[in-house]
Number of protein chains: 2
Amino acid sequence: MASRTIENYLKQIYLSRPADETQWLTMGKLSAAVGVTPGTATSMVRAISDAHLVEYEPRAGVRLTPAGEQLALHVLRRHRLIELLLVQVLGLDWSEVHDDAEELEHVVSDRLLAKIDEILQHPAFDPHGDPIPTAGGVVRRQDCCTLLDCPLGEPTSIARILDQSAEFLQYVNQCGLLPGAEIRVASRNHQAQTVELMVIKSDENQLVAMSFSVAEKFLVQLNERKK
Amino acid sequence: MASRTIENYLKQIYLSRPADETQWLTMGKLSAAVGVTPGTATSMVRAISDAHLVEYEPRAGVRLTPAGEQLALHVLRRHRLIELLLVQVLGLDWSEVHDDAEELEHVVSDRLLAKIDEILQHPAFDPHGDPIPTAGGVVRRQDCCTLLDCPLGEPTSIARILDQSAEFLQYVNQCGLLPGAEIRVASRNHQAQTVELMVIKSDENQLVAMSFSVAEKFLVQLNERKK
DNA sequence: CAATTAACTTTGATAAGACAAAGTTAATTA
DNA sequence: TAATTAACTTTGTCTTATCAAAGTTAATTG
Ligand SMILES: [Mn+2]
Ligand SMILES: [Mn+2]
Ligand SMILES: [Mn+2]
Ligand SMILES: [Mn+2]
């Protein structure tokens, strides 16, 4: 069995992998993501490579093998199912579940995870809108764009929040921009680098403005998200 | 913060402590309870003693300090609240929650534990009838006797099961001897070393026989247990 | 193209936690 | 009391995971 350290490395290698699948993840990025010094990342990756969970090319970087990717997806599945459990069943706020899930993801047994999945009725998305890999290790791809590149004026909805820090999520709470929220992007000002959007609520609508850099953290969908 | 290893040692020192409070727990008993070799227990206990969580007297044994006992009780509280959560909220069988709780007890945050306690409405007993220490580290003492020494013929109820192995608990399930079950001890046969008792159910009563050694694993109460 | 620099790897050290095997203590038996 | 034995401690070694600091590579810049 992979240690919790190895599980964390594999998960970060998966999450930090470059968009271009032919590229390698550099050791610098990995060590920053895991939160260790570069030398530590190098020696750990060598060990994980001996276990055939990653390919490692000195001075190029690291890449998951199929076995490593399956393991990474299992950890991610545990993380996201646990987050959803903490929110939906235990009533924690979605801004405060990440750190607990970061630990719990390494100790929840398959049996317990199956129960959690059953109680939540086999959900497809976690509280932040991140897709939950299936037990078989398949990630359903969302076709999303960000608040920066989605069409103006059309009714869309928030699908996913990419910044999961507690402070940012509390700001998102205040704006009412949780996953599922209905919005219309009103305008973009390239000189001011701001986006203005209308949050459509049952009682009243709310106008929200944010910078391009923040707008990039929201993924939206034109069509309704299917549960 | 105490490592998970230290938490496990402290908990076992608490659970295995001799009934007579002036006695020390021997290293042999401790190493067996933790599941390590005697030498490992000695060196770990020395380290824990340096942290003033136990007193250690070579060749006499080990004893918790007040600080160590508080920590042990916090671990025990986490363990038992988690077990109850797994049974009551996630619907696992009480015979299969122990191993998950053994891991989860080390990673559940105070915040999450408070939520669990709230959802379960501040329970006093876990699924096996073991008392849950309060957040302040107080254990409510039950005045129980075992099926071996309780009075014959009187209506009593099962309060607690001391053997928590999955196989034994499944046997207990079959007999319907879960905590709270109402019974009457019919007879004891000292030659055969057996106890016969009546399990009082809503539909029909059931006669169960067991050896003295098994009967000792059941604690019972004459008065109804208060929640 | 040489010098500089950023990114990476190697080396040496440390800490926690474990085991095996050898050594010690103290109780038990003869 | 001497020999035996059970229980315990010590010693030496191992594994995993980490850092700091020194060394290396390769890209960038003058
Ligand atoms: Mn983690
Ligand atoms: Mn998430
Ligand atoms: Mn434990
Ligand atoms: Mn229990």
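Reminder, nothing fancy here: chain letters follow the sequence lines and each chain counts from 1.
- Atom CG of B:Leu25 is separated from atom C1' of D:dC8 by 13 Å (rounded to the nearest Å).
- Judged as a side chain to side chain donor-acceptor pair (under 3.5 Å), not a single pair has a partner in residues 59-68 of chain A (not counting sequence neighbours).
- The separation between A:Trp24 atom CH2 and C:dT9 atom C1' is 16 Å, rounded to whole Å.
- Heavy-atom distances under 4.0 Å link DNA chain C to A:Met27, A:Gly28, A:Pro38, A:Gly39, A:Thr42 of residues 27-45 of chain A, given in residue order.
- The interatomic distance linking B:Glu7 (CD) with C:dG17 (P) rounds to 11 Å, in whole Å.
- Applying the ring-ring contact (aromatic ring centres under 6.0 Å, His included) test to pairs two or more places apart or on separate chains, none has a residue in residues 7-41 of chain B.
- With sequence neighbours excluded, no residue forms a side chain to side chain donor-acceptor pair (under 3.5 Å) with B:Gln12.
- Among residues at least two apart or in separate chains, ring-ring contact (aromatic ring centres under 6.0 Å, His included) pairs with a member in residues 59-103 of chain A are A:His79-A:His98, A:Trp94-A:His128.
- Counting to the nearest Å, the C1' atom of D:dT16 and the CZ atom of B:Arg4 are 14 Å from each other.
- Annotation: proximity of residues 8-23 of chain A to DNA chain D (heavy atom, distance under 4.0 Å) is found for A:Tyr9, numbered in ascending order.
- To the nearest angstrom, P of D:dT16 lies 18 Å from NE2 of A:His106.
- Applying the side chain to side chain contact (heavy atoms under 4.5 Å, CB included) criterion to A:Asp50, with sequence neighbours excluded, gives no partner residue.
- Applying the salt bridge (Lys or Arg N to Asp or Glu O under 4.0 Å) test to B:Arg160 and every residue at least two apart in sequence or in another chain returns B:Asp130.
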Collect all protein-nucleotide pairs involving nucleotides 22-28 of chain D in which both atoms are nitrogen or oxygen and the distance is under 3.5 Å.
none

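- No salt bridge links B:Glu105 with B:Arg4; every basic N to acidic carboxylate O contact stays at or beyond 4.0 Å.
- Applying the side chain to side chain donor-acceptor pair (under 3.5 Å) test to residues at least two apart or on different chains, the pairs with a partner in residues 25-48 of chain A are A:Thr37-A:Thr40.
- Inspection of the A:Thr146 and A:Asp149 side chains reveals an N or O donor paired with an N or O acceptor under 3.5 Å.
- Under the salt bridge (Lys or Arg N to Asp or Glu O under 4.0 Å) criterion, B:Lys115 pairs with no residue, sequence neighbours left out.
- Remark: A:Ser16 engages no residue in a side chain to side chain donor-acceptor pair (under 3.5 Å) (not counting sequence neighbours).
- Phosphate contact (OP1/OP2 of D:dT10, side-chain N/O of B:Arg46, threshold under 4.0 Å): present.
- One can place CD1 of A:Ile48 at 12 Å from C1' of D:dT16, the figure rounded to the nearest angstrom.
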